[in-house]
*Asks:* 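Below is one structure. I have some questions about it.
Numbers restart at 1 for each chain; the letters A, B, ... are given by sequence-line order, proteins then strands.
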Protein chains: 2
Amino acid sequence: MGATTRRSDRLGCKSSLERPSATDQLQVWTGRKRSTTALDVKESRYMLEDQVGYLLRQASQRHTALFQKIVPMDLTPTQFAALVKLAELGECSQNDLGRRTSMDVATIKGVVERLRAKGLVDVRSDPKDKRRTIISIPAEHAQIVPELHAAGHTISNLTLSPLSSAEQKSLLRLLKKLS
Amino acid sequence: MGATTRRSDRLGCKSSLERPSATDQLQVWTGRKRSTTALDVKESRYMLEDQVGYLLRQASQRHTALFQKIVPMDLTPTQFAALVKLAELGECSQNDLGRRTSMDVATIKGVVERLRAKGLVDVRSDPKDKRRTIISIPAEHAQIVPELHAAGHTISNLTLSPLSSAEQKSLLRLLKKLS
DNA sequence: CACACCTTGTTAGCATACTAACATAAATCA
DNA sequence: TGATTTATGTTAGTATGCTAACAAGGTGTG
C-alpha cells in the first residue's frame, strides 16, 4: 500500500501546478507545448473507454445482467460457480471451494451460508480435521446440476454472441492467458 | 486471492471420496463409469474455468489487485474512473457521470460521496435544474489528473503484460465488441 | 516433547453493484 | 393549463470482494 507515491516524480506533470480551472489543463495532458510527436500524444492521452480494466468491468456487468435473466433459482454467478465446482469435486472444505472458484475466505463464507440457507448445500464439520467445514450437495438436489450446466452454456453463448466463433475462441484464450 | 494451492487440500478432498450418498450421482454427470458417447460428454461437460463469465471475473480481480498497488491516493477503480471522466468533461451531473462510467445511480452516489469526503470533488446543486447535482474537480486538485493518467497507463500495461502487443490489441478490440 | 509456524475459519468494516420504492422537479402533450 | 410522463436523486436492502485482526486446530523441527 505504501507503493503509491513513488511514481509521482516520474512525470513532469507536477511542474504544471499553476493550473487554474479544471477544463483547460486538458491541453497539458494532450501534449500541447512542443512539437508534439505521435508518441507524445500516445503517452499522454488517456481514454477511459480504451482501458482494459474499464472494459473488463463493463463486460462483467453485461454478463451478470444476462446471467440473472437466465439462471434458475435466483442464483448469483458466484453461487453458481460454487455449486458447479462442488458438483465436480463431490465435496470439499469451505476454503478449498473458495480457492477453486477464485473467492477469498470471507467471500466464500457468505456464498456458502446463502446456499445453505436455500438448502442447496450441506455443511458439516470434518471429524478428521476439526478446523475444517465440509461442503457438499445434498442428494435430493443433485439433479439440479445438469440444469446448471445447461443454463451455463446458454449464458456463455449469449454473452459471447456479439463475436464470431473464431473471435470467441480468441477471447477465451486471451482471457485465460491474462490470469 | 488464493495464490497457492496446497496439496493437502487436494488429497483431503480426494481421499474423502469414499462416498456418502451424494457422490453417487456425481458420476452420472461427469460421465466416469459407462459407455459415454462423445456427444454425451460434450453435452454434459461444463468446465467452469472455460466460461467467459468466470474468466472475466478472474481477470477483473487480477486487475483490481494490480490497481490497488499502483494507483495514488488510495483510489478504487471506480473512483478513479469517475475522476478521470469528470476531468474530461469539466463538470456534469451526478447521474450523467454515472452513466458515462457505467455505474448506476445508487453506485455513483456512493462513489461521489466518498470522493467528496476526500475533497477530490465539489458537489453543488444546479440552479437551472433543481433536480440536478453538479460535480466538479476543485481547482486545487486539478493537478492530480495527469498523475492519474500516468498511473492508469502503468496499470493497463501491467495488466496486459502477459500478452504480446498484437494480443493486447486483439483483446481490447474483442472486449469492446462485447459491450 | 515443546514451540513456532501454518492452515482454517470467523468477524468487522469498507467499497462496488444492483433492485425497488420513493420524492421532487422538469418536460410533454392533450 | 392541467395531467401524465420522464428524469434526477435518495434510501434501504442484498450480494460480492477485499483487508485486517483474531481464535483454534494441525504440522514440523529442534
*Asks:* Under 4.0 Å from OP1 or OP2 of dT16(C): is there any side-chain N or O of Gln61(A) that close?
*Replies:* no

*Asks:* Does a side-chain N or O from Thr78(B) land closer than 4.0 Å to OP1 or OP2 of dT16(C), or not?
*Replies:*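 So the side chain of Thr78(B) is within the cut-off, an N or O lying under 4.0 Å from OP1 or OP2 of dT16(C).
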
*Asks:* Which of the following nucleotides, dT10(D), dT8(C), dA15(D), is nearest to the side chain of Arg114(A)?
*Replies:*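 The answer is dA15(D), which lies nearest to the side chain.
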
*Asks:* Give a yes/no answer on whether the side chain of Gln68(B) brings an N or O atom under 4.0 Å of OP1 or OP2 in dG17(D).
*Replies:* no

*Asks:* For a quick test of reading the model, state the closest non-hydrogen atom pair linking Leu160(A) to Gln168(A) and the distance between them.
*Replies:* O-NE2, 3.0 Å

*Asks:* Look at atom NZ of Lys169(B) and say whether more than 12 heavy atoms of other residues, nucleotides or ligands are closer to it than 6.0 Å.
*Replies:* no

*Asks:* For dT16(C), does OP1 or OP2 lie under 4.0 Å from any side-chain N or O of Thr76(B)?
*Replies:*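 Yes, Thr76(B) has a side-chain N/O under 4.0 Å of OP1/OP2 on dT16(C).
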
*Asks:* Can you label the angle between the Tyr46(B) ring and the His149(A) ring as parallel, tilted or perpendicular, going by 30° and 60°?
*Replies:*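 It falls in the parallel class, under 30°.
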
*Asks:* Work out which heavy atom in Met103(A) is nearest to a heavy atom in Val111(A); give both atom names and the distance.
*Replies:* SD-CG2, 3.9 Å

*Asks:* For dT10(C) and Lys109(A) - does any side-chain N or O of the residue sit under 4.0 Å from the phosphate oxygens OP1/OP2?
*Replies:*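 Yes, Lys109(A) has a side-chain N/O under 4.0 Å of OP1/OP2 on dT10(C).
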
*Asks:* Between Phe80(B) (CZ) and dT16(C) (P), how many Å, whole number?
*Replies:* 14 Å

*Asks:* State the CD1-CG distance between Ile134(A) and Asp96(A), to the nearest 0.5 angstrom.
*Replies:*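 It is 11.0 Å, given to the nearest 0.5 Å.
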
*Asks:* Rounded to the Å, how far apart are Met103(A) CE and dA15(D) P?
*Replies:*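 Whole-Å distance recorded here is 14 Å.
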
*Asks:* Looking at Gln79(B), is its backbone amide N or carbonyl O close enough to the side chain of Arg114(B) to form a donor-acceptor pair, meaning the two atoms are under 3.5 Å apart?
*Replies:*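 No; zero donor-acceptor contacts below 3.5 Å.
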
*Asks:* Does atom NZ (Lys130(A)) have a neighbourhood of more than 12 heavy atoms from anything else shown, all under 6.0 Å?
*Replies:*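 For Lys130(A), atom NZ is not crowded (no more than 12 foreign heavy atoms under 6.0 Å).
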
*Asks:* I'd like to know if the side chain of Thr154(A) pairs up with that of Asn157(A) as donor and acceptor (distance under 3.5 Å, no hydrogens or angles considered).
*Replies:* no

*Asks:* Which nucleotide, dC18(C), dG9(C), dT16(D), lies nearest any side-chain atom of Gln79(A)?
*Replies:* dT16(D)

*Asks:* By nearest nucleotide on DNA chain C, pick out whichever of Thr133(A) and Thr64(A) is the more 5' one.
*Replies:* Thr133(A)

*Asks:* Which whole-number value in Å describes the distance from Ile134(A) CD1 to dT8(C) P?
*Replies:* 13 Å

*Asks:* Just the rounded figure in Å: distance from C1' of dG17(D) to CZ of Arg62(B).
*Replies:* 17 Å

*Asks:* Starting the side chain at C-beta, find the nucleotide from dT10(C), dT19(D), dT8(C) nearest to Asp104(A).
*Replies:* dT19(D)

*Asks:* Can you tell me how far P of dT16(C) sits from CG of Asp74(B), to the nearest Å?
*Replies:*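 Between P of dT16(C) and CG of Asp74(B): 12 Å.
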
*Asks:* Quick check: on DNA chain D, is the nucleotide nearest Thr101(A) upstream (toward 5') of the one nearest Val105(B), or the reverse? Name the residue that is more 5'.
*Replies:* Val105(B)

*Asks:* To the nearest Å, give me how far apart CG (Leu66(B)) and P (dC18(D)) are.
*Replies:* 12 Å

*Asks:* Whole Å only: how far is the CD1 atom of Ile108(A) from the C1' atom of dT7(C)?
*Replies:* 17 Å

*Asks:* Does OP1 or OP2 of dT16(D) have a side-chain N or O of Arg57(B) closer than 4.0 Å?
*Replies:* no

*Asks:* Could you check how far CD of Glu113(A) sits from P of dT11(C), rounded to whole Å?
*Replies:*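 Computing the Glu113(A):CD to dT11(C):P distance gives 10 Å.
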
*Asks:* Which residues within residues 115-132 of chain B lie with some heavy atom under 4.0 Å of an atom in DNA chain D?
*Replies:*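 Arg131(B), Arg132(B) - these, ordered by number, are the residues of the stretch whose heavy atoms sit under 4.0 Å from the strand.
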
